[in-house]
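Just so we're clear, the structure is a prediction, and the values are computed from it rather than from any experiment. One-based numbering, in listed order, for ligands and for the atoms of each.
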Amino acid sequence: MKVFLDTAELTEIERAAEAGLIDGITTNPSLMASAAGEGSPVEHFARICQLVDGPISAEVVATDAEGMVEEGTRLAGLHDNIVVKVPLTEDGLRACRRLSGNGIPVNVTLCFSANQAMLAAKAGATYISPFVGRLDDVGQNGMEVVAQIREIYDEYGVETQILAASLRHPRHVLQAMLIGADCATLPPKVLYQLLKHPLTDQGLERFLADWKTLGQEL
Ligand code: E4P
């Protein structure tokens, strides 16, 4: 499974990329608003592309298909790794069809049902992003939607990749992997939660204490 970092914070991106932990980046307008500050968002996307050699999702903010295609085409011109992110609306799907027809990869975001995911695939989406945590927040089972999409895509040989999004804790990540999501996007906090285990810390402490009794250096 590909692991993407769900952030626009350059320091977080650099940290995870240096350790080889991530295959790409997803952003959204909210994440950009908090990370890009006063600077140009377009330049910010370009900087992200310099830090990670993998798919970088950059979201449009127009709401009409024409505007989305215009913005998406401009974003895609920044770097070969840019994936244009469009919302799962009728206009978003029209834009998806046109952008993907022009060879631009598209991530269809704000997906909350398997039916929506089927339509996004029809429109030529490269990635579909079901929002697990936000469904859980309203009392539904977000991971069930990921499982349904997996089953439907497999049944009909759909090539659109499932990008599990809005993941809030390590259990979400494990479930997404077990279901067979193609990718998962994780906020930095969740990425480092995956890394931690108390027995690893205790074990290391013990090894180092025992080594110290040797009174030697390596
Ligand atoms: C995915 O592309 C979105 O940016 C993200 O996963 C949304 O997560 P949230 O529901 O925690 O804001």
Any side-chain heavy-atom pair from Leu199 and Gln202 closer than 4.5 angstrom?
yes
Pick whichever of Met32, Arg134, Arg168 has a heavy atom sitting closest to atom 12 (O) of ligand 1.
Arg134
So, do Arg168 and Arg134 sit near enough that their side-chain heavy atoms are less than 4.5 Å apart?
yes
Step by step, would you call Arg98 with Glu66 a salt bridge (charged side-chain N to carboxylate O under 4.0 Å, His left out)?
CA-CA 10 Å; Arg98 283 177 52 192; Glu66 199 57 45; 3.2 Å; yes
Counting only heavy atoms, which portion of Ser166 has something under 4.0 Å from ligand 1: side chain, backbone, both, or neither?
both
For Asn28, take its heavy atoms, then give the atoms of ligand 1 lying under 4.0 Å from any of them.
3 (C), 4 (O)
Would you mind reporting whether Arg15 and Leu21 have side-chain heavy atoms less than 4.5 Å apart?
no
Below 4.0 Å from any atom of ligand 1, is there a heavy atom belonging to Glu59?
no
Suppose we measure from atom 5 (C) of ligand 1 to each protein heavy atom; which comes out shortest, and what is that distance?
Asp6 OD2, 2.8 Å
Test of proximity, Lys85 against ligand 1: N or O pairs below 3.5 Å:
yes
According to ring-ring contact (aromatic ring centres under 6.0 Å, His included), does anything in residues 188-218 pair up with another residue at least two apart or in another chain? List the pairs.
none
Exam field: side chain His172 to backbone Gly133, donor-acceptor pair closer than 3.5 Å:
no
Quick one: nearest non-hydrogen protein atom to atom 7 (C) of ligand 1, plus distance?
Phe131 CE2, 3.7 Å
